[in-house]
Each structure stands twice: as structure tokens, then as C-alpha cells.
Peer 1: 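Below are the C-alpha cells for one structure; questions will follow.
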Amino acid sequence: MPQTEAKGAGSRGISEGPTTPLRPRWWTELPLILLVYGAYSAGRLLARGDVTTAVGHGLDILRVEKALHLNLEHPLNRLFTAHTSIGVPADFWYASLHYLVTPLVLIWLFRSRAVHYAAARTWLMVSTLIGLVGFTLMPTCPPRLLDGKHGFVDTMAQYSDWGWWGGQASAPRGLGGMTNQYAAMPSLHVGWSLWCGVMLWRYGRTPLVKAIAIAYPLLTTIVVMGTANHYFLDAVAGAAVMGLGLLLVRPVQRGAARVKARLRPVLATAVATRAAGRDKAATDTTAATAASDATDSSIVSAGCQTSAGERIPHQRKLGTDPGGKSAAKPGGKPRGNKGARPAGRAADTGDGAQTPARGAART
């Protein structure tokens with residue numbers, strides 16, 4: 001996709017200005033998103049805390065909620081457990097939609113709201129990395145992994161025969177051991193759904209899109225509590241993380257712009273040096289080829305060299321003048337040194353004159 005000026009930027013979004021001059025390129029955006037998500041996934045696995053500490057944090061959250069009368073998890077979990085028609089769709093919702101809806105909204109912004117895409121992507125990434133910090137500092141046991149006496153049922157395990165997930169987590173069956181099951185605080189399921197809702201509400205045009213923008217984060221919050229994967233305060237923390245990430249969008253973008261400005265001359269110098277090296281190599285190759293061609297042009301046949309004024313090898317030895325005309329007599333005998341007359345000798349008049357001379361020589 002060419003880097004062209006984005007249009008349709010009449011309204012100011014979460015971006016810093018009313019317009020963003022250049023449209024992002026997909027071949028730079030995709031590796032960046034994959035890199036951040038890979039770092040997030042790896043960091044989440046490495047941030048596994050002590051199980052006892054994680055359980056203690058979960059119980060602390062539960063006590064705070066009961067004291068504030070915010071314990072919404074128990075009634076929702078009992079509803080999802082008692083009714084398969086509610087519990088199974090909720091499990092599918094929890095296990096899949098955040099992997100589908102979030103990328104789809106990103107693609108939609110990239111294609112049709114490109115002027116706001118960079119800021120929206122930065123908001124999502126920064127908030128995700130803040131969530132990773134929360135997983136590291138406060139490993140938390142979700143309600144479904146607490147002791148049964150606390151009254152929670154793991155609906156993912158209860159309805160595991162209905163979907164692709166196993167009894168351990170929402171990961172595909174057999175891969176539950178590769179996930180960090182104590183990364184409950186904050187809830188990025190709620191955080192990501194809130195981000196999607198804001199994007200759809202802010203940049204959507206139809207009433208249906210506006211309704212989805214409200215319903216999606218609200219239903220996601222209900223699902224994460226009803227499936228016993230998160231506490232209510234986890235959902236609140238997910239929303240707070242997104243709020244903090246939103247505040248950091250502009251500072252992060254300014255910092256990234258400064259880094260790019262400093263790296264651009266270095267990269268330009270490196271590219272120029274590499275191009276100069278390629279040009280020098282090409283010049284050397286051309287010169288070597290020309291020299292080889294010049295040497296080959298003086299070779300007429302195997303090992304026979306011509307000299308100045310010769311068209312064929314050993315031309316001078318054969319008595320050919322530089323112009324290529326033969327110096328031989330019309331009879332075909334060459335005028336070499338052997339056929340030359342001695343100085344002062346009379347010219348031969350014919351065969352009769354030559355015979356006495358030869359006879360005299362014999363005498």
C-alpha cells in the first residue's frame with residue numbers, strides 16, 4: 001500500500017492533530033503488532049508468580065468486594081452454571097471474541113480511518129504492556145481456581161466438551177499448561193473490549209455500530225464474571241489500564257518521533273554507504289570486463305599475437321605490406337631480399353641471357 005496522504009480527517013479523534021500526514025504501511029504495521037503481542041504473551045508466561053501469593057491476592061479482592069457490596073460474581077456464576085443455553089455461549093464468547101473482534105477493529109481503522117489508526121494502535125499497545133506490568137506485580141488467582149468452599153464453578157471446565165478448550169483454561173485443549181492462569185488482574189478481556197467499543201462509537205456511522213459499541217464491552221464484563229474468570233475489580237482495573245494508556249498516547253508518539261528523527265540520518269548514511277559500495281563493485285567489474293575484452297580482441301587465433309600494422313599473424317614475414325597489398329610480382333614470386341638484384345648488375349633480358357651467366361659461373 002503506497003504511503004499517501006490520508007483523507008477524510010475532518011474530525012479530531014484521539015490523535016494529536018486533526019490530520020495525520022502519511023498513511024501507515026501494512027508491511028510495517030503487521031510486524032510491529034506481532035512483535036508487541038509476542039512480547040506480551042512471552043512476558044505473561046514469564047510473570048507467573050507463586051501460587052500461594054496469587055490465591056492470597058484473589059481472596060483479598062473477594063473480601064474487598066464483599067465489604068463494598070460489589071460481589072457480582074457469585075450470582076452471575078450460578079446463572080451460567082445452571083443454564084447451558086447461557087453458559088456455553090458465554091464460554092465461546094470468552095474463549096474467542098477478544099482474538100477476533102480486536103484485530104478486526106484494527107483492520108477496519110487501518111483501511112477506513114487511517115488518519116486515526118496510529119494513535120488508536122498506540123493506545124492499545126501501551127495499555128497492553130501496562131497490563132503485563134500488572135500481571136507481574138500482582139499475580140491473582142481467578143475465582144474459578146479458588147477452593148470450592150468459596151462457591152465458584154469453572155464453567156470452562158464444566159462445558160469443555162462443547163468447545164475446543166480444555167478444563168484448565170480457555171486455551172485450546174492440551175495447551176492449558178502453556179498459559180498463565182494467574183494473570184487475572186487486570187482483565188484485558190474487558191480492557192480490549194472497551195477499546196473496541198470506544199473506536200466503534202467514535203468512528204462508526206450507523207446506529208447499529210453505535211449499539212455494538214455499547215453492548216460489546218458491557219457483555220464482555222458480564223461474561224468474564226459469570227464464567228468465574230475474573231472478579232469485578234479485575235474488570236475495573238482493566239478499564240483503568242485503558243484510561244492510563246490513553247493518557248500516554250501523545251507522550252509515546254512524541255518519543256517515537258524523536259527516536260525516528262535521530263535514527264533517520266544514521267540509516268540514511270548506512271544506506272548511502274551500502275549503495276556506494278555496490279556502485280564501486282559494479283565499476284570495478286565493468287573495468288575488469290573492459291580490460292578482458294581489450295586483451296581478447298588482440299588474439300586472432302590460439303596464441304598468435306598481431307602487432308601494429310598487421311591484420312593476420314606473421315603478416316610481415318609473409319611479405320605483406322601494412323596496407324594489405326601483396327609486394328609480389330605479377331607472376332606470383334615475392335620481391336623479397338633473395339630475389340633482389342645486386343647493385344650494378346645488368347638486368348636480365350630473358351632465359352637466353354640467364355643461361356650463359358649460369359655457364360660462366362660453372363666455369
Side-chain angles (χ1 to χ4, degrees), residues 13-14 29-30 32-45 47 89-110 113 116-136 138 140 142 156 165 169-172 179-204 209-249 252:
I14 64 170
E29 287 299 313
L30 183 59
L32 176 63
I33 293 172
L34 293 178
L35 177 64
V36 172
Y37 184 75
Y40 160 74
S41 299
R44 178 172 168 167
L45 289 177
D91 286 343
F92 274 99
W93 185 296
Y94 181 83
S96 60
L97 284 192
H98 69 295
Y99 292 120
L100 298 176
V101 176
T102 309
L104 287 176
V105 173
L106 266 176
I107 294 172
W108 171 68
L109 289 171
F110 181 84
R113 302 291 185 272
H116 303 298
Y117 168 81
R121 176 255 292 151
T122 303
W123 179 20
L124 180 64
M125 289 184 175
V126 171
S127 301
T128 299
L129 295 179
I130 295 174
L132 178 59
V133 174
F135 301 151
T136 305
M138 189 175 178
T140 303
M156 302 295 293
W165 57 85
S170 61
T179 62
N180 182 3
Q181 300 189 64
Y182 298 104
M185 171 65 77
S187 171
L188 286 186
H189 274 73
V190 173
W192 289 357
S193 67
L194 180 61
W195 177 86
C196 293
V198 172
M199 295 297 103
L200 293 174
W201 178 268
R202 184 66 186 83
Y203 305 118
V209 174
K210 301 283 188 181
I212 294 174
I214 297 174
Y216 180 57
L218 178 62
L219 291 177
T220 299
T221 304
I222 294 173
V223 163
V224 300
M225 291 190 293
T227 58
N229 279 284
H230 289 281
Y231 306 95
F232 175 73
L233 290 182
D234 292 346
V236 173
V241 162
M242 298 308 296
L244 179 59
L246 180 60
L247 294 176
L248 294 176
V249 168
V252 169

Peer 1: Provide the closest heavy-atom pair for V209 versus G204 in the form atom of the first, atom of the second, distance.
Peer 2: CG1-CA, 3.7 Å
Peer 1: Treating R113 as the side-chain partner and W108 as the backbone partner, does any N or O pair qualify as donor plus acceptor under 3.5 Å?
Peer 2: no
Peer 1: On a heavy-atom basis, which atom in P142 and which in Y231 lie closest, and how many Å separate them?
Peer 2: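 Closest approach of P142 to Y231, heavy atoms only: C-OH, 3.7 Å.
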Peer 1: Any side-chain heavy-atom pair from T140 and F135 closer than 4.5 angstrom?
Peer 2: no
Peer 1: Which value, rounded to the nearest 0.5 Å, describes the distance between W195 atom CH2 and L200 atom CG?
Peer 2: 8.5 Å
Peer 1: Return the CD1 to CG distance between I130 and L188, rounded to the nearest 0.5 Å.
Peer 2: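 I130 CD1 to L188 CG: 10.0 Å, rounded to 0.5 Å.
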Peer 1: State the CG-CE distance between L248 and M125, to the nearest 0.5 angstrom.
Peer 2: 15.0 Å
Peer 1: Got a second to check how far S127's OG is from L132's CG, nearest 0.5 Å?
Peer 2: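 It is 12.5 Å, given to the nearest 0.5 Å.
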Peer 1: Under 3.5 Å, is there a donor-acceptor pair linking the side chains of W93 and T220?
Peer 2: yes
Peer 1: Search all heavy atoms of A213 against all heavy atoms of G197 and return the closest pair with its distance.
Peer 2: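 Closest heavy-atom pair between A213 and G197: CB-O, 3.2 Å.
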Peer 1: Nearest 0.5 Å, what's the CG-OG1 distance between L194 and T221?
Peer 2: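 OG1 of T221 is found 8.0 Å from CG of L194.
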Peer 1: Minimum heavy-atom separation for W123 and M242, please, with both atom names.
Peer 2: NE1-O, 2.7 Å
Peer 1: Could you walk me through whether C196 and T102 pass the side-chain contact (heavy atoms from CB on, under 4.5 Å) test, one step at a time?
Peer 2: CA-CA 6 Å; C196 293; T102 309; 3.8 Å; yes
Peer 1: Taking all non-hydrogen atoms of both residues into account, name the closest pair between T227 and N229 and its distance.
Peer 2: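 Nearest pair, atom of T227 first, then N229: OG1-ND2, 2.8 Å.
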Peer 1: Indicate the atoms forming the closest heavy-atom contact of L124 with W192, along with that distance.
Peer 2: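 Scanning both residues, the minimum pair turns out to be CD1-CD1, 3.6 Å.
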Peer 1: Output the distance between atom OH (Y94) and atom NE2 (H189), rounded to the nearest 0.5 Å.
Peer 2: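 If we round to the nearest 0.5 Å, Y94:OH and H189:NE2 are 4.0 Å apart.
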Peer 1: Report yes or no: does H230 contribute a side-chain atom to a donor-acceptor pair with the main-chain N or O of A184 at less than 3.5 Å?
Peer 2: yes
Peer 1: In the structure I gave you, are the side-chain heavy atoms of D234 and V190 within less than 4.5 Å of one another anywhere?
Peer 2: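 D234 does not reach V190 side chain to side chain.
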Peer 1: Sequence neighbours left out, what passes ring pair (Phe, Tyr, Trp, His ring centres under 6.0 Å) with F92? Give chain and number order.
Peer 2: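 Result, ring pair (Phe, Tyr, Trp, His ring centres under 6.0 Å) vs F92: W164, W165.
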